[in-house]
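Computed from a predicted structure; not experimentally measured.
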Amino acid sequence: MKKLSTGRALRGTALISLAALALTACGPDTSGTSAEAEGNDTDWSSVEPAESIVFATNHPGGSQDIENELIAEFTEETGIEVEVITSGANYEETSQWFQTGGGSNADVIVLSDATWFPNYLNDALTPVDELLEAAEVDTSRFVTALYDDYLYEDSHYGAPYARSTPLFYYNADQYEELGLEVPTTWEEVAENGRALVEADLTDSGFAFPSADSYVSWTAANLAWAYGGGWSDGWDFSTVSSEGTVEALEFAQDAVGDWATVSSTSPDDDFGAGVTSQAIASTGSLVSILSVADFEVGTAFLPGGPASEGETPTGGAGLMIASASSPEEQLAAAMFIGHMTAPENTARFSQATGYVPVNQDADMSEVYAETPQFETAVDQLERTRSQDNARVFLPGGDLELSQALQRILTSDVDVQEELDALESSLQELYDQELASELD
């Protein structure tokens with residue numbers, strides 16, 4: 001029986017487009033041959049790595065240049081050639097390409113927090129634990145919360161690569177003008193938001209994301225803060241629980257008072273000075289700093305009555321195809337080790353704004369240039385696994401995002417809306433996953 005491991009650790013943009021989620025709402029194809037048993041029977045000490053492999057990537061965070069640099073160095077060090085395939089413009093396009101046969105020759109694939117699981121169900125991914133050990137990759141130095149994003153039934157199906165968390169951004173100049181303290185709770189966010197609006201420093205004290213700006217990703221922090229969430233395992237009653245209702249009633253009341261819903265994205269609104277506070281990806285920090293004409297402050301996500309600023313992670317990992325030969329899989333594991341080595345993940349982070357995935361990465365140079373980035377790295381200690389309803393349920397994020405949009409932009413009854421959402425999520429599970437996980 002396929003089921004989520006109960007030992008999955010608390011973990012930490014990969015960000016889901018609604019159109020792609022509509023595509024992935026169809027049930028996965030599980031007709032392939034499982035590579036898990038095959039991988040466990042391989043004597044890796046007798047395998048020689050292949051002379052060439054194929055790397056499928058969407059170049060997350062505009063990373064094409066740094067990827068090319070790291071790949072050239074890998075080939076120089078090992079003699080293994082790497083063919084790079086641009087497999088889509090985003091994570092969802094890459095996953096669709098891989099699932100529908102375009103990536104039949106891919107050995108290493110970039111897949112996100114919300115796109116690797118359907119590929120696992122397709123038996124398209126191989127466990128990486130023994131492979132990385134054979135390639136002498138020290139997985140104990142990965143940021144545990146990020147590595148365990150890919151833990152399923154006691155095996156890891158990927159290594160962390162382009163990873164991010166949401167981050168709290170605030171206009172430090174306006175804070176200083178009013179003598180405001182950096183908030184640690186959502187109630188304090190509200191107090192600061194009201195103060196900023198009442199002082200006529202802004203028309204928006206906080207910007208919530210719209211449905212197509214990953215609202216269910218960042219709003220998970222708010223739901224968790226009040227003891228709610230999108231699901232508990234495959235139990236969807238959490239989404240209509242008292243804690244979730246309280247959290248979203250708080251948000252609904254905020255809009256039109258001290259907060260707004262962004263018409264573009266919160267990071268765009270914040271960088272342009274349209275709003276004074278926002279929650280956006282750590283990957284947005286570089287672009288925000290490049291356009292803001294004010295001092296940008298960053299802080300941990302706010303907490304609430306039930307939690308101290310629990311933080312959802314996002315982003316993508318590097319997976320190995322089950323269809324690849326043992327020789328290609330070993331070379332792929334060596335490639336993953338190179339891309340996630342301490343010095344290389346530091347360079348990748350500096351170039352893209354993603355957080356370093358290796359605990360031994362020296363980020364002092366980045367912190368000296370961009371001190372706000374240290375907040376993002378320190379916040380990794382407060383990460384929490386995303387709820388199944390968003391990252392594992394096909395079409396789940398679409399349902400969540402649309403419901404949150406209705407709650408934030410109209411006066412619908414929050415309890416009634418969430419009751420209907422629970423029913424929709426349960427129906428999706430029954431139709432798309434129940435038979436696969438039994």
Side chains of [X] and [Y]: do they bring a donor and an acceptor to under 3.5 Å?
| X | Y | value |
| --- | --- | --- |
| T375 | T298 | yes |
| T202 | Q174 | no |
| D269 | S262 | yes |
| T340 | N358 | no |
| Q329 | D107 | no |
| Q277 | N171 | no |
| T115 | S112 | yes |
| T126 | S322 | no |
| Y91 | Q96 | no |
| D148 | H156 | yes |
| T139 | D129 | no |
| N221 | W186 | yes |

Could you check S401 against Q405 for side chain to side chain donor-acceptor pair (under 3.5 Å), going step by step and ending with a plain yes or no?
CA-CA 6 Å; S401 298; Q405 177 83 2; over 6 Å; no
Passing option when Y161 is tested against F348, F142, Y147 for ring pair (Phe, Tyr, Trp, His ring centres under 6.0 Å):
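Exactly one candidate clears the test, F348.
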Quick one: do E399 and R390 satisfy salt bridge (Lys or Arg N to Asp or Glu O under 4.0 Å)? Show the steps, please.
CA-CA 9 Å; E399 293 290 340; R390 179 174 189 266; over 6 Å; no
Using the rule given for side chain to side chain donor-acceptor pair (under 3.5 Å), can you reason through T165 versus Q379, listing the C-alpha separation, both sets of side-chain angles and the distance that settles it, and then say yes or no?
CA-CA 8 Å; T165 68; Q379 188 181 236; 3.2 Å; yes
Centroid-centroid distance, [X] to [Y], less than 6.0 Å:
| X | Y | value |
| --- | --- | --- |
| F270 | F294 | yes |
| Y170 | Y175 | yes |
| F168 | F300 | no |
| Y150 | Y152 | no |

Please round to the nearest 0.5 Å and tell me the distance separating atom CG of L400 and atom OG of S231.
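Spacing of CG (L400) from OG (S231) equals 8.0 Å.
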I need the F55 CZ to M339 CE distance, nearest 0.5 Å.
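Result: 5.0 Å between the selected atoms.
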Between [X] and [Y], how do the two ring planes meet: parallel, tilted or perpendicular, split at 30° and 60°?
| X | Y | answer |
| --- | --- | --- |
| W258 | F208 | tilted |
| F117 | Y120 | parallel |
| F335 | F74 | perpendicular |

Strictly below 4.0 Å, N to O, side chains only: are E310 and R382 in salt-bridge contact?
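No.
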What are the two closest heavy atoms between L132 and A333, and how far apart are they?
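Minimum heavy-atom separation between L132 and A333: CD2-O, 3.9 Å.
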E365, CD: over 12 other non-hydrogen atoms inside 6.0 angstrom:
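Atom CD in E365 is not packed in, count stays at 12 or less.
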Check the surroundings of atom CD in Q415: do more than 12 heavy atoms from other residues, nucleotides or ligands lie under 6.0 Å from it?
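Result for CD/Q415: enclosed.
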Taking [X] for its side chain and [Y] for its backbone only, find out whether a donor-acceptor pair lies under 3.5 Å.
| X | Y | answer |
| --- | --- | --- |
| R163 | L146 | yes |
| S349 | Y354 | yes |
| S284 | A280 | no |
| T185 | E188 | yes |

Would T244 and S241 count as a side chain to side chain donor-acceptor pair (under 3.5 Å) here? Give the steps.
CA-CA 5 Å; T244 311; S241 66; 3.3 Å; yes
Would N119 and S95 satisfy side chain to side chain donor-acceptor pair (under 3.5 Å), going step by step from the backbone distance to the final call?
CA-CA 8 Å; N119 288 282; S95 179; 3.1 Å; yes
